[in-house]
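Data block below; observations after.
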Amino acid sequence: MAILSLKDVHKSFGITHIIRGVSLDIEQGEKHAIIGPNGAGKSTLYHLISGLYSVTSGTIELKGEEIQNKPPYEISRRGLARSFQVTNIFPRMSVFENVRCALLWSRGFRYSFWHLLGRQGELNDCAMEVLSQIGLLEKASFPAGELAYAQQRALELGITIASGAEVILLDEPVAGMSHSEAENAVQLIRQITEGKTLVMVEHDMNIVFDVADRISVLVYGEVIASDKPAAIRGNQRVQEAYLGEVATHA
Amino acid sequence: MLDVLIFATLNGLVTGLLLFMLASGLTLIFSMMGVLNFAHASFYMLGAYFAYSLSLYFGFWTGLIFAPLIVGVLGALVERYGLRRVHQAGHVAELVFTFGLAFLIEEAVQFFWGRDTKSYQSPDVLNFALFTLFGQEFSAYRGFMIAISVGIFIGLYYVLTRSRVGIIIQAAITHPNTVANLGHNVPLIFMGVFGVGTALAGVAGVIAGPVLTTFPGMATVLGSIVFVIVVIGGLGSLAGAFIASLLIGLLQSFAIASDVGMEDLLDLFGISFPYDHALADLWGLTLPQVAPILPFLLLVLVLIFRPTGLMGKREE
């Protein structure tokens with residue numbers, strides 16, 4: 001059974017039809033990439049899955065339960081985490097506090113005015129473990145906003161996985177990185193999403209074809225193809241609608 | 001001279017801390033929701049009136065505990081069933097909503113409690129001089145106001161920086177969507193912050209009512225100054241609001257306590273004007289007379305020379 005399933009999802013803003021009947025099944029443990037030209041609706045699709053936008057029609061199921069139009073926190077609690085296209089860390093807080101904040105709900109720490117964070121040994125150990133995974137242990141006390149760009153993206157990945165989600169949506173995780181930074185980031189993504197379901201929007205085709213088990217191509221709000229990387233590479237329609245365009249721009 | 005300095009400082013501290021109790025709630029709400037709550041000082045007024053009514057039957061201390069709680073719950077309800085719905089229509093709609101709410105609360109206060117000033121009294125147990133210096137008394141109630149304000153701020157500081165909920169509030173202030181994607185119920189957190197912010201205004205009303213008098217115009221009097229403070233401090237900055245509150249409190253207190261006027265200033269430069277001069281009234285102005293407009297003068301200066309406020313950051 002698919003862990004994430006979209007059935008005939010539509011989204012309109014007024015008279016503008018952005019998502020036009022997207023149906024997609026993503027299996028558990030799959031590494032799935034969504035590609036497509038700018039303005040295809042990839043980020044909108046993420047916003048719909050993560051609850052930031054409500055769907056106009058259609059259903060989205062996570063682990064067999066409908067999640068469309070549920071608030072983001074409920075979807076997160078059901079096991080889905082996402083990153084954003086623009087780096088979304090908490091810049092005024094330390095790197096350690098960023099991860100600690102991400103761990104709170106998933107590790108069962110509920111809202112409390114009187115439980116002081118310094119005394120939550122288990123929580124703090126978990127935060128250090130995540131920092132070690134993303135290679136930011138030495139920067140634990142650094143203000144997050146002062147980290148280098150690639151480190152901020154790594155921290156964002158740490159925040160995303162710290163929520164303990166089984167399904168992880170990453171939105172252009174290596175955008176703006178140098179070649180070597182992107183390579184390290186991909187290695188990190190592979191490592192921290194091992195055994196989890198990964199859905200990734202990415203423009204770097206080398207990374208997409210390297211990481212993904214399956215690729216869906218979104219053009220003008222419609223999935224025009226969804227298949228294994230080799231099949232997508234050889235798909236004439238995809239070549240015409242997107243890959244050809246990427247090659248031209250490359 | 002020393003007596004004026006000490007008492008003006010103490011009184012400035014009382015006013016400044018009181019103002020910060022209002023400004024801190026307003027700043028927190030603005031940081032989270034991006035909306036300036038024009039009705040914030042109205043919750044301060046409600047705090048004073050609820051406490052006055054409770055004190056008539058159960059005494060001052062019951063009012064001190066329950067009036068802020070009632071105000072906080074009212075504030076939370078306003079956020080849940082008013083602001084949250086209006087939020088979808090944008091910031092202008094939110095501003096208009098809070099503006100209307102301020103009028104509504106003022107009318108409601110006049111309807112239920114009347115237009116006259118209420119004789120809301122400080123408790124008998126605090127009706128003594130805490131100390132006497134240079135023949136002047138500093139009342140125990142003013143000392144109590146300082147103590148309760150400082151106590152609340154230490155508590156607020158610890159909750160915001162050290163507690164589980166505090167770290168989530170800090171994160172939600174800048175990135176509510178990310179926080180929601182980590183499983184946190186951001187609307188509930190917003191409602192809580194709005195409730196706590198208005199409850200703080202309620203506490204300010206409860207303790208200020210007996211000193212600054214409890215009347216239907218009290219929200220308007222203090223409300224404008226609180227807005228001056230959040231702008232001078234830098235919109236969204238708690239530290240800025242704290243500095244600006246103390247600055248305004250001390251500025252007003254020293255201006256009132258001082259005994260100088262335009263005449264003294266002109267004398268300094270050897271200028272004098274006859275008493276029948278057309279602008280004689282202007283030359284006769286004293287600093288205590290212009291004390292109420294000083295915060296607004298400071299606001300204009302800050303906006304000219306540092307438009308982001310003392311601790312505010314320019315929006316990228």
Side-chain angles (χ1 to χ4, degrees), chain A residues 46-47 49-53 70-84 86-94 96-120 123 127 144-145 156 159-165 168-169, chain B residues 27-28 31-32 69 72 76 80 84 87-88 152-193 195-197 199-200 234 236-240 311-316:
Chain A
Y46 266 26
H47 290 341
I49 297 170
S50 61
L52 210 57
Y53 292 164
K70 295 220 177 296
Y73 69 89
E74 269 194 35
I75 296 171
S76 163
R77 289 175 189 181
R78 287 166 194 244
L80 184 139
R82 68 163 292 188
S83 72
F84 290 83
V86 178
T87 316
N88 264 262
I89 53 169
F90 311 119
R92 293 183 204 167
M93 288 161 47
S94 73
F96 177 67
E97 279 179 334
N98 265 265
V99 176
R100 198 156 62 166
C101 183
L103 281 164
L104 276 170
W105 191 270
S106 61
R107 303 289 159 136
F109 294 96
R110 301 296 180 253
Y111 304 127
S112 160
F113 290 100
W114 48 87
H115 283 98
L116 297 180
L117 285 163
R119 293 188 186 156
Q120 319 277 312
L123 176 73
E156 193 182 21
I159 292 172
T160 311
I161 57 147
S163 67
I168 293 169
L169 274 58
Chain B
T27 301
L28 267 181
S31 301
M32 287 199 106
L69 285 178
R80 175 67 185 85
R84 201 179 296 179
H87 181 71
Q88 291 148 9
I152 282 176
F153 299 135
I154 291 174
L156 194 65
Y157 174 78
Y158 264 84
V159 165
L160 279 176
T161 58
R162 308 284 162 91
S163 78
R164 279 191 215 157
V165 78
I167 195 173
I168 300 164
I169 291 171
Q170 280 190 60
I173 281 175
T174 51
H175 292 80
N177 290 336
T178 311
V179 172
N181 277 304
L182 295 171
H184 297 297
N185 188 342
V186 173
L188 181 73
I189 295 165
F190 277 17
M191 187 177 83
V193 169
V196 170
L200 278 176
S237 165
L238 261 183
M311 309 278 281
K313 290 195 176 85
R314 191 177 291 277
E315 276 186 31
E316 298 286 331

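Each chain gets a letter, A, B and so on, in the order the sequences are listed, and its residues count up from 1.
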Most heavy-atom pairs under 4.5 angstrom with chain B, which of Ala102(A), Ser163(A), Ala165(A)? Ala102(A)
For Gly183(B) and Arg77(A), work out which heavy atoms get closest and say how close. O-NE, 2.8 Å
What class does the angle between the rings of His47(A) and Phe84(A) fall in, given that below 30° is parallel, 30 to 60° is tilted and above 60° is perpendicular? tilted
Per-residue tally against chain B (heavy atom, under 4.5 Å) across Pro72(A), Gly51(A), Ser50(A), Ser83(A) peaks at Pro72(A)
In chain order, what residues pass the side chain to side chain contact (heavy atoms under 4.5 Å, CB included) check against Arg80(B), with sequence neighbours excluded? Arg84(B), Met191(B)
Check whether Ile159(A) gets within reach of chain B through its side chain, its backbone, both or neither, counting any heavy atom under 4.5 Å. both
Taking only residues two or more places apart in sequence or in another chain, which ones pass side chain to side chain contact (heavy atoms under 4.5 Å, CB included) with Leu169(A)? Tyr46(A), Ile49(A), Leu80(A), Arg82(A), Val167(A), Val199(A)
